[in-house]
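Below is one structure; the comments refer to it alone.
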Amino acid sequence: MTSILNRQVNATDLVQSGDFLGFSLSFPEHHPAFDYVTEQGIRVEVWDSGIACLTPAQSTTQDIVLSCGIHGNETAPIELVAKLVQDILTGVLPLTCRLLVLIGNPPAINAAKRELVDNLNRLFSGHHSKGDFTPSWERSRAALLEQAVLRFYQSVEEGRHRALYDLHTAIRGSVHEKFAVYPFLHGEPWSEAQLRFLAACGVNTFLLMQTPASTFSYFAAQTAKAHGFTLELGKVRPFGQNDMSRFAECDTMLRKLLSGVGLDLAPFAEIAFHFFVVSRSINKQTEQFKLCFANDIENFTQFPLGTVLAEDGGAQITVDEVGEAIIFPNANVALGQRAMLLVKPTDIRGQTAP
Ligand SMILES: [Zn+2]
């Protein structure tokens, strides 16, 4: 099978070119594990298609997971991660931490689709095997990605710095172009160090979740005890149509983080951020569900009180609180699934730790 990138990259080619994306898209469903050592002494363990654990020769204190392509059509983060990893594998970028690279859904990337059957980012924390379901690529992939993250963290001693950045782009544009979903921490404080790092990546808007979720970032935070984030870095576009300059800050900061260059972060100041919490989650109840605003309405758009946002069978969903804004509206989800979130501004005074 040829990938949409029109190149066949086998294991030998990967060792020479560092083209981990091309390799993963050439063997989208599965590849037997193998490993090798780069000229710079980095041990590269390919655990499967789209899953690689990189360990530098020198001792390290940080274990970072970078994931992209959990949704197959979110191409900009896939291009960003692919280039970054290629630069590490070919000696252009030094690596001073352990790194787990995850290209989430290679078959969906080849198909230029968000998903083949199931939304991968609704399947974590065991949701891949809960309830009545038909087996799918995404369900087995979610289980495999969970195992990979746990194996990555559990194969070194505890107490090291753990982070997982799950990179996405959104279906719509956004009033706040870049934003992060900060998963529910069960009352633990939000991390100022992480907020400062992500601000330097160009992300100053955070949705602070107040309930468990089936997302990869919640799995990272709750089960893997890592600082976990879903990063929404812009709008979905096809391969080759991304303006990568819009991702430059994020690229620069990730490269600094991985190569051990001083991050030189600004001090934490709440005023520099926008924080939101979910006020309501709107699930699709009938096949007649429809959104009552234009397709190009952006995430975080606010509407006047009483505005009808959606109709679902006979029911109307209206704006009930001043300041309520929409996020992630998508009428094209399965029955019972989330079709939209309504959010409202909040503050985090007294709820952070350094
Ligand atoms: Zn996504």
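Counting convention: from 1, in listed order, for ligands and their atoms alike.
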Using a cut-off of strictly less than 2.8 Å, determine whether Glu232 has an N/O/S atom near the Zn ion (ligand 1).
no
Please output the side-chain donor-acceptor pairs of residues 339-348 that fall under 3.5 Å, not counting sequence neighbours, one pair per line with the distance.
| from | atom 1 | to | atom 2 | distance (Å) |
| --- | --- | --- | --- | --- |
| Lys344 | NZ | Glu321 | OE1 | 3.3 |
| Asp347 | OD1 | Arg349 | N | 3.3 |

Of all N/O/S atoms in His71, the name of the one nearest the Zn ion (ligand 1):
ND1
Under-4.0 Å salt bridge between Lys290 and Asp312
no
Between Tyr165 and Tyr182, ring centroids under 6.0 Å:
no
To 10 degrees, how wide is the angle ND1 (His168) to the Zn ion (ligand 1) to OE2 (Glu74)?
150°
Could you pull out all residues at least two apart from Pro189 that satisfy side chain to side chain contact (heavy atoms under 4.5 Å, CB included)?
Ala353
